[in-house]
Amino acid sequence: MTLFLYKRVLIFGTLITSLSFLLLTFLEVDYYSFCENIFTLDSDEGIVCSLFIFGVLLIAMGYILKIFKKG
């Protein structure tokens, strides 16, 4: 069974997003502190926020690759 690149990217992005979402709820990060800590990597909240954004970008990239694969 071979997985196409877009499926791998979608799976990896979904895993990163779901794990970082769980960590965001565990750390009780609200929207305001999420926006403050998006790209600050000197705290745990900043790393988790950056991972969440990275996971969402991977999911979007997976869908874009899926469109190019079908077309």
Show every donor-acceptor pair shorter than 3.5 Å between a side-chain atom in residues 9-27 and any protein atom, with sequence neighbours excluded, or say none if there are none.
residue: T14; atom: OG1; partner: L10; partner atom: O; Å: 2.7
residue: T17; atom: OG1; partner: G13; partner atom: O; Å: 2.7
residue: T17; atom: OG1; partner: G55; partner atom: O; Å: 3.4
residue: T17; atom: OG1; partner: V56; partner atom: N; Å: 3.4
residue: S18; atom: OG; partner: T14; partner atom: O; Å: 3.0
residue: S18; atom: OG; partner: L15; partner atom: O; Å: 3.1
residue: S20; atom: OG; partner: I16; partner atom: O; Å: 2.8
residue: S20; atom: OG; partner: T17; partner atom: O; Å: 3.1
residue: T25; atom: OG1; partner: F21; partner atom: O; Å: 3.3
residue: T25; atom: OG1; partner: L22; partner atom: O; Å: 2.8

### Query
Rounded to the nearest 0.5 Å, how far does CG of L57 lie from CZ of F52?
10.5 Å
### Message
Within the structure provided, determine whether D30 and F34 are in side-chain contact (heavy-atom separation under 4.5 Å).
### Response
no
### Task
Using the side-chain contact (heavy atoms from CB on, under 4.5 Å) rule, take I53 and I38 through it: C-alpha gap first, then chi angles, then the decisive distance, then the call.
CA-CA 8 Å; I53 295 296; I38 287 180; 4.2 Å; yes
